[in-house]
Amino acid sequence: MVHELTWEEIPGILKIEQLCFKDPWSERMIENSMKSGLDTWLVLAEEGAAGYCVFRIVADECELLRIAVRPEYRGRGLSKKLMDQLVFYSRQKDVKSIFLEVRESNERARNLYRSYGFTEEGIRKNYYLNPCEDAVLMVCRNI
Ligand SMILES: CC(C)(COP(=O)(O)OP(=O)(O)OC[C@H]1O[C@@H](n2cnc3c(N)ncnc32)[C@H](O)[C@@H]1OP(=O)(O)O)[C@@H](O)C(=O)NCCC(=O)NCCS
C-alpha cells in the first residue's frame, strides 16, 4: 500500500500538493528532490495516490519535509501509515532524532505529530508566507 514514488506518479503528487498546500511545490521542485538522491518519497496508494510524505535522512537526523493526504481520504488513519513508514525507515538508518516544522495554526498535523511522540521545541517567527505565519519546530527523539 505504501511504496516509493516513481517518476510516472509525479503528476498525482503535484495534484495533492496543489490541493493541500497554499505554497505547493512545483513539478521541478519534486523532480529535483527525487534526482538529488537525498530525499525519500513514499506514496500511499488507494485508487491512485491518496497521500505521500517526503523526508531526508542525513547522518543520525531525519527531517520530515512534507506529508499530505487528499481531502477525501482524510480521517481514516492514512497519515499514520505514512508516519509508521517514516519511523521504520528512520530506525533502519539508526536515526536518533526526527525534526519537522509545522504551521502554528495546523492543529490536525500538530496532533498527529504529538501522537508519535514529537514535542514542540521552538518557534520560527514568520517562517511561512501566503499567509505569513510562525512555524512550530517539533522533534521526536524517542524513535
Ligand atoms: C495532517 C494530515 C496529513 C492528516 O491526515 P489524515 O489521514 O486525515 O490523518 P489520520 O486520519 O491518519 O489521523 C491521524 C491523527 O491526526 C490527528 N487528526 C487528524 N484529523 C484531525 C482533525 N480533524 N482534528 C484534530 N486532529 C486530527 C489526530 O491526532 C489523528 O489521530 P487519532 O485519529 O488517533 O485522533 C491531513 O490533514 C493533511 O493532508 N493536511 C494538509 C497537509 C498538511 O497540513 N500537512 C502537514 C504539513 S506540516
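Remember, it's 1-based here, ligands and their atoms both numbered in the order they're listed.
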Q. Who's the nearest protein heavy-atom neighbour of atom 39 (O) of ligand 1, and how far?
A. V69 N, 2.8 Å
Q.
With ring pair (Phe, Tyr, Trp, His ring centres under 6.0 Å) as the rule and sequence neighbours excluded, what pairs involving residues 51-87 come up?
A. W41-Y52, F55-Y89
Q. Looking only at non-hydrogen atoms, which of R74, E107, E101, R108 approaches atom 40 (N) of ligand 1 most closely?
A. R74
**Q.** For atom 46 (C) of ligand 1, the option (of L44, L82, I67, V136) bearing the nearest heavy atom
**A.** I67
Q. Atoms of ligand 1 less than 4.0 Å from G75 heavy atoms?
A. 6 (P), 8 (O), 11 (O)
Q.
Between R114 and E120, does the salt bridge (charged side-chain N to carboxylate O under 4.0 Å, His left out) criterion hold? Intermediate values first, please.
A. CA-CA 9 Å; R114 280 188 206 109; E120 300 178 357; 3.1 Å; yes
Q | Any pair counted as salt bridge (Lys or Arg N to Asp or Glu O under 4.0 Å), so long as it reaches residues 131-143, sequence neighbours left out | A | R103-E133, E121-R141, K125-D134
Q: Kindly identify the option in L100, L65, N111, N106 whose heavy atom sits closest to atom 25 (C) of ligand 1.
A: N111
Q: Would you tell me which option among F21, Y52, Y73 has the nearest heavy-atom contact to atom 42 (C) of ligand 1?
A: F21
**Q.** Side-chain touch V69/L44, heavy atoms, less than 4.5 angstrom
**A.** no
Q) So does N142 have more than 12 non-hydrogen atoms from other groups sitting under 6.0 Å from CG? A) no
Q: Just need the protein heavy atom nearest to atom 32 (P) of ligand 1, so name the residue and atom and give the distance.
A: K80 NZ, 3.5 Å
(Q) Please list, in number order, the atoms of ligand 1 under 4.0 Å from a heavy atom of G77. (A) 10 (P), 11 (O), 12 (O)
Q. Taking only heavy atoms of Y113, which atoms of ligand 1 are found under 4.0 Å from at least one of them?
A. 46 (C), 47 (C), 48 (S)
(Q) Among all the protein's non-hydrogen atoms, which is closest to atom 16 (O) of ligand 1, and how far away is it? (A) L112 CB, 3.4 Å
Q: Report the C-alpha distance between E104 and Y128 in whole Å, list the side-chain angles of each, state the deciding distance to 0.1 Å, and finish with yes or no for side-chain contact (heavy atoms from CB on, under 4.5 Å).
A: CA-CA 10 Å; E104 196 170 33; Y128 294 105; over 6 Å; no
(Q) Under a 4.0 angstrom heavy-atom cut-off, which atoms of ligand 1 come close to A68? (A) 39 (O)
Q. Counting only non-hydrogen atoms of the protein, does one fall under 4.0 Å from atom 19 (C) of ligand 1?
A. no
Q.
Could you tell me, atom by atom, which parts of ligand 1 come under 4.0 Å of a heavy atom of R76?
A. 11 (O)
Q: Could you give me the CA-CA distance, side-chain angles and deciding distance for L100 and E63, then say whether side-chain contact (heavy atoms from CB on, under 4.5 Å) is met?
A: CA-CA 6 Å; L100 60 85; E63 183 177 9; 5.8 Å; no
Q | Under 3.5 Å: donor-acceptor pair, side chain of S33, backbone of M29 | A | no
Q: Supply the atom-to-atom distance L64 CG to C53 SG, rounded to the nearest 0.5 angstrom.
A: 6.5 Å
Q) So which protein heavy atom does atom 5 (O) of ligand 1 come closest to, and at what separation? A) S79 CB, 3.3 Å
Q. Does the distance from a Lys or Arg side-chain N to an Asp or Glu carboxylate O, for R66 and E17, drop under 4.0 Å?
A. yes
Q) Within the structure, does at least one protein heavy atom fall under 4.0 Å of atom 35 (O) of ligand 1? A) no
